[in-house]
Amino acid sequence: MRLSELLNKEVIDANGQSAGHVHDVRVIQDGPITSSFDAALRVHGLIVGRGALANRLGYGRSAVRGPWVIRAVLEAGDKPTVVPWHRVRVIEATRILITGSCDDLERARPVSDGRGAARE
Amino acid sequence: MNARVIDAALELLDRQLIDRDGKLAGNVDDVEIALPENWPDNERGELPVVTALLSGPGVLAERFGGRLGRGWAAFYRRIHPGTDGSGSIPLAQVRDIGSAIRLAISRDELSSTRMEEWFRRHLISKIPGAGHAPE
Amino acid sequence: MKKVFALTLGVLTAIGGFVDIGDIVANTAVGARYKWALAWVVVVGIIGIMLFAEMAGRVASVSGRAVFDLVRERLGPRFALANLIGSFFVNLMTLTAEIAGVALALELATDVNYLLWLPVCAFAVWLVIWRVKFETMEDVVGIVGLAMIVVAVTVWRTGPDWGSMFHEATHPSLKSGEGLPTYFYYAIALFGAAMTPYEVFFFSSGAVEEHWTRSDLFVNRANVYLGFPLGGLLSLALMSSAALTLAPLDISVAHLGQVALPTALTLGKVGLATLLIGFFAATFGAALETALSSGYTIAQFFGWQWGKFVRPRDAARFHTVVLATVVVAAIIGLSSVDPIKVTEYSLIFSAVALPLTYIPILVVANDPSYLGDRVNSRFSNALGSVYLVIVVVAAVAAIPLMLATKAGA
Amino acid sequence: MAVALAALLTSACVGSSRGDTDYQKKAVATTEHVRSSVRTVQLAVQAAGEDDAFGPFLSRVISQAEDDASSALNGFASIQPPSARSDLLRDAVDQAASGAIDLLAKARIAARRNDLGALTMLADSLVRTGDQLEQFAEDHHA
């Protein structure tokens, strides 16, 4: 499966309610990437939200804070949540079905902390 | 063990690949994810894993979708028979994920840089001064 | 001495951006028509491009990522492709005009038709990109381009009444018979001339070409704060020289030769010769800038190896794109389209395309995962937000104004 | 706004049709164009007189101005005059502009020959022609 096959699909909970669209796939690197680790990046869950542009520009989840105009416009009404992978049941052509209700999904916490940055 | 959280679309997709010699080697055009065996009925609660980064015009075209993307992908397959044009880079060959993604291999090992090779051989190398050192 | 040469990237970028063939003619035409009533736009443009280029140069220095790379990362491939197509089109049009501009400068010096010079000029542009070191290229063209300063000397020697000049610039008013839509159409063209996307494509890629790093942020600032105001000053000088000599006779400007008349009348043959050299260097610089930018944008969109910091054979697709673009531009130029009209339109289209390049840079300049602790200051962000509004308004208004005023007729 | 209103009023008073007014505007624009070319050449000749410019430069500037003026006049001549009243205007524009273009041609010929004497002798007539065209445009402003 490719990452692009998950992105932008609509997420539907057990009650048939929409939780928004898949904005991203959160993975966890559980060790240094070297040839000795054959599964360093594991899929942890889906980031689901509503404002597509805000998502693409990285607001809401990364450490990007300013400028406030863009932030205020783009983050209005968009509170991305995380769907843990174990709740994902079916991946269809345009939708992803999950177990339980979308009301108990947690807010997605920001991910970037500046570590990935800056070569010397 | 400090686990690092990465949002794949934000931090992997469309990023620059740099090979082991510091040469630019394409962008991450998609990411290959392997689902656990028997998913979604896998009893042990195993998680999907990222197995490879994909790069190349064919991959990008498929991501575009629509008529433009399909036409582009079809054209790409025609001029590159027997391949989907994807330079598939196993995760084991990735050295560092930052504002660019550094690889442990040379770009010449990627099938996605065949066009570069073609233009090098048939056009650029034939112009005098092509091997002229920059500094 | 090395320190002096470290500033030529900014000088070349700014001269290529502010006083390329379209701007030379546009600034003169505006000065002859409106005198100083549009000078404020140049000032707005200078501040805007300084802000924009400083952010792009800082990101490139710290992360090694040039502008179009980031455009795709932040806008996604679809928007980025739309931006690429638009930017490439503007680049190609501008390159066509610049190559023709070099030929027009030679035509003025020799009275040999510019169409005969054009293929020679196109070949020379390609050859420099193929063979000359990036640093040598920018040092020579940047420094020879300083010959354009002769326009400022012209204004000085004409001995204007500085007080009333300042008054007219700060209290813009229109002659009777001039409509507001046309005035704002020219305002957007001048703004587009100052803040062209290709300037930042070139400047940020140039920073990578020169191997700038985190420790070169000072050099980045110095380039931006010296180069761009210099370019802006030359714009204002062209405008003033026209306002002082051509406006009283109510001459409408359409040719490069008319631009040179005030300098010839004021400074004589030496001044004229210097100015023609300046025209040549400025248009040649702009041609290099746009030809390279066409390669930079496409290569960065796809992630190909680009740049003059590797041997041509190691950046084969990049050099193929540059070569093809120069050839196509020369062919369009030879079809004898009016090169000056071409840049006037390309200025308007670059104002339209600008937000798609400006917004990603503004966002990335705030992203610590690229910049660590070198993210935008509050001041940069406040100014950046003001310009965000200006850039978007100009982009939205550009096409309707162009249609309504029949391109400023 | 006031200007637009005034223009509207005057044209209404004259009582000409919209076609006539349009034609008149084009006539004025054409003479303005030719006048701008004449003024350009006037400056070029002034530069020549003060030995401030090279031959090739002068020759190029002058022939471009001449080309511009001719193409403005040709453009105007190809427009169909909307009424008999406009025919008079057409002739007037043609006469004024053709005379000016002749003068520009003389300047171009002198410049090509690098004949500075002949060129500077045209200075006065260039100024006069420019003034006449300016007057013409003012008189016919719609």
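It should be emphasised that the depicted structure is a prediction, and the values quoted were computed from it without experimental measurement. Residue numbering restarts at 1 for every chain, and letters A, B, ... go by the order of the sequence lines.
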Atom CG of B:Leu123 and atom CZ of C:Arg317: how far apart are they, to the nearest 0.5 Å?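 With rounding to 0.5 Å, CG (B:Leu123) is 13.0 Å from CZ (C:Arg317).
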Looking only at heavy atoms, what is the nearest atom pair of [X] and [Y], with distance?
{"X": "C:His319", "Y": "B:Ile124", "value": "CB-CD1, 3.7 Å"}
{"X": "C:Arg65", "Y": "B:Ala100", "value": "NH1-CB, 3.0 Å"}
{"X": "B:Ser99", "Y": "C:Ser369", "value": "CB-O, 4.4 Å"}
{"X": "B:Gly129", "Y": "C:Pro312", "value": "O-CG, 3.9 Å"}

With C:Phe301 as reference, evaluate B:Asn27, B:Asp14, B:Leu60 under the side-chain contact (heavy atoms from CB on, under 4.5 Å) test and give the passing residue.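 Answer to the side-chain contact (heavy atoms from CB on, under 4.5 Å) test with C:Phe301 among B:Asn27, B:Asp14, B:Leu60: B:Leu60.
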Given the options C:Leu70, C:Leu323, C:Thr320, C:Leu81, which has more heavy-atom pairs under 4.5 Å with chain B than any of the others?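 Top option by heavy-atom pairs under 4.5 Å: C:Thr320.
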Top residue by heavy-atom pair count (under 4.5 Å) with chain B, among C:Gly303, C:Ala80, C:Gly307?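 Heavy-atom pairs under 4.5 Å are most numerous for C:Gly303.
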Does B:Arg120 reach the main-chain N or O of C:Arg313 with its side chain, forming a donor-acceptor pair under 3.5 Å?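 Side chain of B:Arg120 to backbone of C:Arg313: a pair is present.
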Any non-hydrogen side-chain atom of C:Arg131 less than 4.5 Å from a side-chain atom of B:Ile127?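 Counting from C-beta outward, C:Arg131 and B:Ile127 never come under 4.5 Å.
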Does a side-chain heavy-atom distance below 4.5 Å link C:Val310 with B:Leu24?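 No, every pair of side-chain atoms sits at 4.5 Å or beyond.
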Contact origin within B:Asp29 toward chain C - heavy atom pairs under 4.5 Å: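 B:Asp29 touches chain C through backbone and side-chain heavy atoms alike.
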Above 12 or not: heavy atoms from other molecules or residues under 6.0 Å from CZ of B:Phe64?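 Yes, enclosed.
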Most heavy-atom pairs under 4.5 angstrom with chain C, which of B:Glu116, B:Gln16, B:Arg121, B:Lys23?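 Option with the top pair count is B:Glu116.
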